[in-house]
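One structure is given below, encoded as structure tokens.
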Amino acid sequence: MFPDTKYAIVAGLAILVFSALIILTRPSQEKRPVLDFLAFVWLFTMLRPLVQPLLVNAGLIEHLPRFLLLPAIPLIYGPLFYLFIRKLTRPDVRLRMIEWLPPALLFVVIALIPYFGGGPPAPGLSGPPGPPAPRGPGFMPFLDVGMTVLYSALIFILLRKHNRRIAEKLSQINEMKSLRSAYVLLALFLFINLFLAIHRTTGTIWPSGPELNQELHGSGFLLLIVSFSLFLARQRPVYSESDDSGGTDDRPTEPENLIFQNDQIPAREANLEWKEDVPEGPSDQEVQELRNSIESQRLYLDSDLTLESLARMLGRSRHQVSFLLNQGINQNFYRYINGLRVEHASELLADPGYSNWPVIRVALESGFSSKATFNRLFKEYKGGTPMEWRRKAS
């Protein structure tokens with residue numbers, strides 16, 4: 001066994017196994033077949049750089065068929081990263097064949113690379129790319145950089161669109177739903193892959209020996225393995241099962257109409273399909289009716305309120321409610337609902353009758369589920385912290 005890498009290999013293998021067990025034992029409501037499949041494929045591809053040194057040490061790698069060597073399997077990390085984020089952020093939209101095609105073609109190319117020279121790379125945690133190999137295919141560094149940059153850009157666009165989308169649907173946005181950890185992972189993925197690609201291309205002119213080269217590549221891939229594994233094990237689906245039908249007509253067939261009676265729903269909404277590209281803006285009466293319905297019933301105090309549940313209570317489609325909020329009130333769902341919650345909290349903080357309530361209780365009573373979110377939004381809307389607001393009022 002390699003004394004300088006065996007502990008890192010054991011740690012990497014343990015993390016992969018631990019992550020796989022977490023995914024397997026998730027509660028049924030958190031399971032998603034496609035997401036879980038992608039996660040297991042991703043974990044399997046990360047297994048290869050760790051298993052290679054063990055095969056080399058055991059003298060088995062020379063007996064494997066060439067197509068099983070998979071010397072450049074980390075090239076698939078980018079496409080798998082994209083597919084996972086794409087399905088995580090849009091569970092209602094099926095992955096298209098054109099999205100599956102790049103990783104499938106890459107896998108075929110990777111399986112054939114050993115037949116065109118290069119052979120298996122040097123043993124170590126550096127994995128398939130390894131330190132600069134004099135016989136490696138000349139196109140590999142360019143393919144590596146191109147795939148890294150392309151998929152990093154596509155993933156970044158997906159995450160930006162996702163953050164705009166959840167602000168239209170959810171009133172509570174935590175780190176798990178905003179996918180902030182995915183931004184950190186994306187930055188690591190881009191930096192490490194670009195660094196390793198540049199080093200593989202220019203490594204022969206660097207004033208460093210083979211051992212240091214191997215250590216650099218090994219550390220880079222181990223960091224990617226740890227980061228990806230923890231992300232796959234920790235991340236939960238962003239949307240609930242009821243939110244997964246976002247691509248269909250979501251008008252309720254039997255609405256839980258707590259505000260309007262069925263015979264009060266305008267005929268054009270009951271009989272005509274609502275179109276998202278309505279050319280004219282909503283009337284003042286429609287906007288005022290929506291505001292009165294939400295504010296008079298204090299629907300915003302429900303910490304689990306979503307655009308879909310609000311639309312059900314109003315007996316409308318969520319496209320209608322979103323259109324009225326964005327075009328009539330000029331705010332998305334998240335901003336509008338949390339603005340009402342902040343106003344409610346400010347009234348409680350200024351009321352002497354609630355002076356003995358701690359701030360966290362005020363936050364919970366106002367519809368917030370996180371004190372940190374409450375403090376951040378209160379300061380953003382009111383220009384000061386809740387405690388400062390209470391001191392001024394007193």
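Source: prediction; values computed, not measured. Values reported hereafter were calculated over all heavy atoms of this structure, with side chains retained and with hydrogens, waters and symmetry mates removed.
Counting non-hydrogen atoms of neighbouring residues, nucleotides and ligands closer than 6.0 angstrom, the CZ atom of F107 reaches no more than 12 such neighbours. Around the CG atom of D284, the shell of radius 6.0 Å holds no more than 12 heavy atoms that belong to other residues, nucleotides or ligands. Applying the 6.0 Å contact sphere to CZ of R376 captures more than 12 heavy atoms from other residues, nucleotides or ligands.
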**OP:** Any chance you could lay out the side-chain contact (heavy atoms from CB on, under 4.5 Å) test for V238 and H162, step after step, and finish with the verdict?
**Re:** CA-CA 10 Å; V238 177; H162 168 71; 3.5 Å; yes
**OP:** Carefully, step by step, assess Y334 and E168 under the rule side-chain contact (heavy atoms from CB on, under 4.5 Å).
**Re:** CA-CA 6 Å; Y334 179 81; E168 295 285 348; over 6 Å; no
**OP:** Starting from the C-alpha separation in whole Å, work towards a yes-or-no answer on side-chain contact (heavy atoms from CB on, under 4.5 Å) for S322 and H319.
**Re:** CA-CA 5 Å; S322 179; H319 293 305; 5.8 Å; no
**OP:** Please assess F333 against L305 for the test side-chain contact (heavy atoms from CB on, under 4.5 Å), listing each intermediate value before the final yes or no.
**Re:** CA-CA 10 Å; F333 176 73; L305 187 69; 4.1 Å; yes
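In this structure the side chain of T306 reaches within 4.5 angstrom of the side chain of E308, judged on heavy atoms. By the 4.5 Å heavy-atom criterion applied to side chains, R26 and R236 are counted as neighbours. Between T373 and N174, every side-chain heavy-atom pair lies at or beyond the 4.5 Å cut-off. In this structure the side chain of Q172 never reaches within 4.5 angstrom of the side chain of K177, judged on heavy atoms. Side-chain contact between L159 and I85: present, with at least one pair of heavy atoms (C-beta onward) separated by less than 4.5 Å. Residues N330 and N326 form no side-chain contact, since every pair of their non-hydrogen atoms from C-beta on lies 4.5 Å or further apart. Between N193 and Y77, every side-chain heavy-atom pair lies at or beyond the 4.5 Å cut-off. E365 is listed as a side-chain neighbour of W357, based on a closest heavy-atom distance under 4.5 Å.
Within the 3.5 Å criterion, the main-chain N or O of S346 finds a donor-acceptor partner in the side chain of W389. A donor-acceptor pair is defined here as one N or O able to donate and one able to accept, closer than 3.5 Å; no such pair exists between the side chain of N332 and the backbone of L325. Checked by atom type and distance alone, the side chain of S355 pairs as donor or acceptor with a backbone atom of P352 at under 3.5 Å. Side-chain atoms of S303 never come within 3.5 Å of backbone atoms of G367 as a donor-acceptor pair (strictly under, hydrogens ignored). In terms of modelled atom types and a separation under 3.5 Å, the side chain of D351 and the main chain of E347 share no donor-acceptor contact. Panel note: side chain R32, backbone P237; no donor-acceptor pair is recorded below 3.5 Å. Under the 3.5 Å distance criterion, the side-chain polar atoms of T45 are matched with a main-chain donor or acceptor of W42. Under a 3.5 Å cut-off, the side chain of S229 and the backbone N or O of I15 do not form any donor-acceptor pair. Looking only at distances, a side-chain donor or acceptor of R341 sits under 3.5 Å from a matching main-chain atom of S171.
Looking at every heavy atom in both residues, K31 comes nearest to I23 through NZ-O, 3.6 Å. Residues V287 and G328 approach most closely at CG2-CA, 3.6 Å, considering heavy atoms. What you find for S152 and L190 is that their closest heavy atoms are OG-CD1, 3.5 Å. The nearest pair of heavy atoms linking R165 to T89 is NH1-O, 3.5 Å. Annotation for A197 and V145: closest pair CB-CG2, 3.6 Å, computed over non-hydrogen atoms. For I155 against G78, the heavy-atom pair with the smallest separation is CD1-O, 4.2 Å.
With hydrophobic clusters built from ILVMFWY side chains whose heavy atoms lie under 4.5 angstrom apart, L13 shares a cluster with L24. F18 and F231 are not part of a single hydrophobic cluster, where members link through side-chain heavy atoms under 4.5 Å apart. Following chains of ILVMFWY side-chain contacts shorter than 4.5 Å, one cannot reach L222 starting from V184, and the two form parts of different hydrophobic clusters. The cluster map of Ile, Leu, Val, Met, Phe, Trp and Tyr, joined by side-chain heavy atoms under 4.5 Å apart, puts L150 and L80 in the same cluster. Grouping the Ile, Leu, Val, Met, Phe, Trp and Tyr side chains by contacts below 4.5 angstrom, directly or via other members, places L105 apart from L154.
Using a cut-off of 4.0 Å between Lys/Arg side-chain N and Asp/Glu carboxylate O, E175 and R234 are scored as salt-bridged. Contact check on E343 versus K382 returns a salt bridge, with a Lys/Arg side-chain nitrogen under 4.0 Å from an Asp/Glu carboxylate oxygen. For the pair E286 and R291, the salt-bridge criterion is not met [side-chain N within less than 4.0 Å of a carboxylate O]. Ion pairing of R316 with E289 is present here, as a side-chain N (NZ or NE/NH1/NH2) and a carboxylate O approach within less than 4.0 Å.
To the nearest 0.5 Å, the span separating CD on Q235 from CG on L179 amounts to 5.0 Å. Between the CZ atom in F84 and the CG atom in L95 there is a gap of 11.5 Å [rounded to 0.5 Å]. Remark: L230 CG to L185 CG distance equals 9.5 Å, nearest 0.5 Å. To the nearest 0.5 angstrom, L188 atom CG is 8.5 Å from F228 atom CZ. Distance check, rounded to the nearest 0.5 Å: CZ of R335 to CG of L377 gives 7.0 Å. Interatomic distance, L324 CG to Q288 CD, rounded to the nearest 0.5 Å: 12.0 Å.
With side-chain heavy atoms closer than 4.5 Å counting as contact, directly or through intermediates, the hydrophobic cluster containing I360 also holds L364.
For the side-chain contact (heavy atoms from CB on, under 4.5 Å) test with L232, the passing option among L43, L38, I22 is L43; the others fail.
Taking the centre and axis of the six-membered ring of Y239, the NZ or CZ atom of K169 falls inside the cone set by 45° and 6.0 Å.
Side chain to side chain, E99 and Y82 meet the donor-acceptor criterion of an N or O pair below 3.5 Å. Side chains of Q297 and N292: a donor-acceptor N/O pair is absent below 3.5 angstrom, by distance only.
For F189, the ring pair (Phe, Tyr, Trp, His ring centres under 6.0 Å) partners are F81, not counting sequence neighbours.
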